[in-house]
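Report on the structure given below.
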Amino acid sequence: MPKSRIRKKADYTPPPSKQAASIKLTNRSWVAPVMLAMFIIGLAWIVVFYVTDGSLPIDSLGNWNIVVGFGFIAAGFGVSTQWK
């Protein structure tokens with residue numbers, strides 16, 4: 001029976017070394033204060049609306065003041081996605 005050919009493996013060559021990629025870090029120190037401010041403004045808006053029986057903060061909006069308050073809170077959650 002004939003012998004099978006022996007396959008010669010190629011020598012291992014490691015991949016070229018990557019140089020350290022410079023990571024661009026941006027200053028995100030504004031995120032936490034803005035996020036907390038949005039939460040507090042939204043909560044205060046809703047509390048003031050309920051405490052004043054709907055006459056404040058903006059009387060002409062009526063029950064839409066609740067939507068505005070929750071809008072501020074939602075904006076706070078939107079800003080929180082930028083926090084690293």
Side-chain angles (χ1 to χ4, degrees):
M1 178 162 259
K3 276 188 156 180
S4 63
R5 290 188 205 171
I6 298 174
R7 295 181 194 152
K8 184 176 180 182
K9 291 184 178 180
D11 292 335
Y12 174 74
T13 54
S17 63
K18 295 181 181 178
Q19 293 192 4
S22 62
I23 299 172
K24 186 178 179 184
L25 296 176
T26 58
N27 189 0
R28 304 259 179 161
S29 61
W30 60 271
V31 173
V34 171
M35 175 184 65
L36 291 175
M38 293 289 204
F39 288 155
I40 292 170
I41 290 170
L43 181 64
W45 193 290
I46 294 170
V47 168
V48 167
F49 174 72
Y50 277 116
V51 168
T52 61
D53 291 328
S55 63
L56 286 177
I58 301 175
D59 189 26
S60 63
L61 289 180
N63 286 336
W64 284 97
N65 280 306
I66 298 171
V67 175
V68 172
F70 278 114
F72 276 111
I73 294 171
F77 279 114
V79 170
S80 72
T81 62
Q82 299 298 315
W83 196 4
K84 288 188 178 186

Got a donor-acceptor contact below 3.5 angstrom from the Asn65 side chain to the Gly54 backbone? no
Quick note, side chain to side chain donor-acceptor pair (under 3.5 Å) partners involving residues 70-80, not counting sequence neighbours, are none
Common cluster, Leu61/Phe70, ILVMFWY with side-chain heavy-atom separation under 4.5 Å: yes
May I ask whether Val51 and Leu56 are part of the same hydrophobic cluster, defined by side-chain heavy atoms of I, L, V, M, F, W, Y residues being less than 4.5 angstrom apart, directly or through others? no
List, one per line, each side-chain donor-acceptor pair under 3.5 Å for residues 29-44, sequence neighbours excluded.
residue, atom, partner, partner atom, Å
Ser29, OG, Asn27, OD1, 3.2

Is any side-chain heavy atom of Ile46 less than 4.5 Å from a side-chain heavy atom of Ile73? yes
Could you name each residue pair satisfying ring-ring contact (aromatic ring centres under 6.0 Å, His included) that touches residues 43-68, not counting sequence neighbours? Trp45-Phe72
